[in-house]
Amino acid sequence: MRSIAIMQPYAFPYIGYLQLISAVDTFVILDDVNFIKRGWINRNRILVNNSSHLFTIPIKKSSQNKLIKDLAISKPKEWRHNFLKTISHSYANAPQYKNVFALISEIMEFEEENLSRFIRNSLIILCKYLNIKTHFVESSTIYNNSELKGENKIIDICLKENAKEYINPVGGIDLYSKENFKAQGIELKFLKPKKIRYEQAGEKFIEDLSIIDMLMFNANANVKKFLKKYVLL
């Protein structure tokens, strides 16, 4: 059964986002919708001094009236340098620091100012590291349905991809109707991550941090096992 998922591009997302990618054949990066300030598109959380720290990719003239595909990173060289410095300072003693810092450095070497394309490349590199073979598509490049919104846009993309199964994060369970999808020959499912705990640097475990944190404290083989720790509703 051909399956797809559709999500806005998220910067160094938490494990649930990577689980969603790994669960489908095609992952559509939804970049022709409005940017959401204070969301997860250009922000996420890591550990700094054993506490949750919110990092942000700075955006030039960000506005909720702009489409994600039209956003550019502000002062990209300066941000890349500062971000790597923060990662090095925060995770230098983590067991997987050497390999993961090299991975993040590779992502930072991609000299792209467009936010969506930068995140897309970072997701591809992360998926390669975790042996996820899902195909990526940017919604703005192929579907020509910018006039559609919400559920109608999602169903239209599913039909154009000949998808028989659409998987969405469980947080969107109230946004979509299984009956509406079924009427178009599509089975709608929701992915719910199971609780995952691992040993961090501090005494108290902080959950749902960026994938960076999980990679720093877990061997690659363990993270691959975590990718399977979810249920479909």
Side-chain angles (χ1 to χ4, degrees), residues 1-36 39-42 44 67-71 114-194 208 211 223-233:
M1 180 184 293
R2 180 165 170 72
S3 61
I4 74 169
I6 304 169
M7 284 289 291
Q8 297 114 326
Y10 281 11
F12 296 102
Y14 86 124
I15 184 63
Y17 191 101
L18 276 298
Q19 288 174 335
L20 186 65
I21 295 175
S22 69
V24 297
D25 301 307
T26 298
F27 186 83
V28 178
I29 296 175
L30 192 64
D31 65 345
D32 57 348
V33 295
N34 286 357
F35 173 66
I36 301 172
W40 298 109
I41 294 169
N42 66 320
N44 218 299
L67 300 181
I68 297 170
K69 70 181 183 67
D70 297 326
L71 295 172
N114 180 273
L115 177 67
S116 183
R117 289 196 291 269
F118 175 81
I119 294 176
R120 177 183 184 273
N121 182 70
S122 71
L123 292 173
I124 289 172
I125 291 174
L126 286 168
C127 286
K128 182 178 179 182
Y129 184 76
L130 294 170
N131 197 34
I132 300 172
K133 301 185 183 299
T134 302
H135 176 62
F136 284 88
V137 178
E138 293 166 296
S139 62
S140 62
T141 64
I142 187 170
Y143 303 116
N144 193 30
N145 63 0
S146 59
E147 77 284 357
L148 298 178
K149 306 295 180 185
E151 183 178 82
N152 291 331
K153 188 180 184 75
I154 299 301
I155 290 177
D156 184 69
I157 293 174
C158 289
L159 293 174
K160 288 175 177 174
E161 286 288 343
N162 295 315
K164 297 302 180 184
E165 179 181 70
Y166 172 67
I167 302 178
N168 197 80
V170 71
I173 200 165
D174 295 325
L175 299 177
Y176 304 119
S177 163
K178 287 200 173 189
E179 289 73 20
N180 291 345
F181 278 78
K182 187 176 181 180
Q184 299 296 330
I186 305 162
E187 185 175 4
L188 172 62
K189 295 182 180 179
F190 295 94
L191 186 146
K192 181 179 181 180
K194 295 180 181 178
D208 294 339
I211 191 65
V223 180
K224 289 177 181 176
K225 291 178 181 177
F226 293 156
L227 287 171
K228 304 298 183 182
K229 296 194 70 172
Y230 63 81
V231 294
L232 291 176
L233 308 176

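Rounding to the nearest 0.5 Å places CD1 of I21 at 8.5 Å from CG of L126. Annotation: the span from N162 atom CG to I4 atom CD1 amounts to 10.0 Å, rounded to 0.5 Å. Of the inter-residue distances, the one linking L123 atom CG with T134 atom OG1 reads 11.0 Å to the nearest 0.5 angstrom. With rounding to the nearest 0.5 angstrom, the CG atom of N168 is 9.5 Å from the CG atom of L191. For the atom pair K69 NZ and R117 CZ, the distance stands at 9.5 Å (nearest 0.5 Å).
Nearest heavy atoms, T26 versus R2: OG1-NH2, 3.1 Å. Of all non-hydrogen atoms in K164 and G185, the two that sit nearest each other are CD-O, 3.7 Å. Contact between Y143 and V28 at its shortest, heavy atoms only, is OH-CG2, 3.4 Å. Looking at every heavy atom in both residues, L18 comes nearest to C127 through CD1-SG, 4.2 Å. For I186 against A163, the heavy-atom pair with the smallest separation is CG1-O, 3.7 Å. When all heavy atoms of L30 and P9 are compared, the pair lying nearest together is O-CD, 3.6 Å.
Shown here are the side-chain hydrogen bond (donor to acceptor under 3.5 Å, both in side chains) partners of D31, two or more places apart in sequence or in another chain: S139, S140. Every residue was checked against the side chain to side chain contact (heavy atoms under 4.5 Å, CB included) condition with N144, not counting sequence neighbours, and none meets it. Take Y17 and apply the ring pair (Phe, Tyr, Trp, His ring centres under 6.0 Å) test, not counting sequence neighbours, and it matches Y10, F27. Scanning for side-chain hydrogen bond (donor to acceptor under 3.5 Å, both in side chains) contacts around N131 gives K133, with sequence neighbours left out. Evaluation of the side chain to side chain contact (heavy atoms under 4.5 Å, CB included) rule for I124 yields R120, F136 as partners, not counting sequence neighbours. Residues passing the side-chain hydrogen bond (donor to acceptor under 3.5 Å, both in side chains) test with S22: none are found, sequence neighbours excluded. Remark: N42 engages F35, T56, I57, I59, L115 in a side chain to side chain contact (heavy atoms under 4.5 Å, CB included) (not counting sequence neighbours). Residues forming a side-chain hydrogen bond (donor to acceptor under 3.5 Å, both in side chains) with Q8 (at least two apart in sequence, or on another chain): none.
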Just distance, no hydrogens or angles: give the donor-acceptor pairs under 3.5 Å from side chains in residues 146-157, sequence neighbours left out.
| unit_1 | atom_1 | unit_2 | atom_2 | d |
| --- | --- | --- | --- | --- |
| E151 | OE1 | N180 | ND2 | 2.7 |
| E151 | OE2 | S177 | N | 2.7 |
| K153 | NZ | D32 | OD2 | 3.3 |
| K153 | NZ | N145 | O | 3.3 |
| K153 | NZ | N145 | OD1 | 3.1 |
| D156 | OD2 | N145 | ND2 | 2.9 |
| D156 | OD2 | K160 | NZ | 3.0 |

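Contact check for I29 versus V137: no side-chain heavy atoms found under the 4.5 Å cut-off. Taking the side chain as every heavy atom from C-beta outward, Q184 and C158 never approach each other to under 4.5 Å. Contact annotation: the side chain of K178 approaches that of F190 to within less than 4.5 Å [non-hydrogen atoms, C-beta and beyond]. Looking at I167 and L20, their side chains come closer than 4.5 Å, going by heavy atoms from C-beta outward. L67 is listed as a side-chain neighbour of N34, based on a closest heavy-atom distance under 4.5 Å. Residues L71 and S116 have side chains not in contact (no heavy-atom distance under 4.5 Å, counting atoms from C-beta outward).
For the side chain to side chain donor-acceptor pair (under 3.5 Å) condition, the pairs that include at least one residue of residues 224-233, sequence neighbours left out, are N220-K224. Every pair passing salt bridge (charged side-chain N to carboxylate O under 4.0 Å, His left out) that includes a residue from residues 165-175 is listed here, sequence neighbours excluded: E165-K189.
Classified by interplanar angle (parallel below 30°, tilted 30° to 60°, perpendicular above 60°), the ring pair Y166/Y176 is perpendicular.
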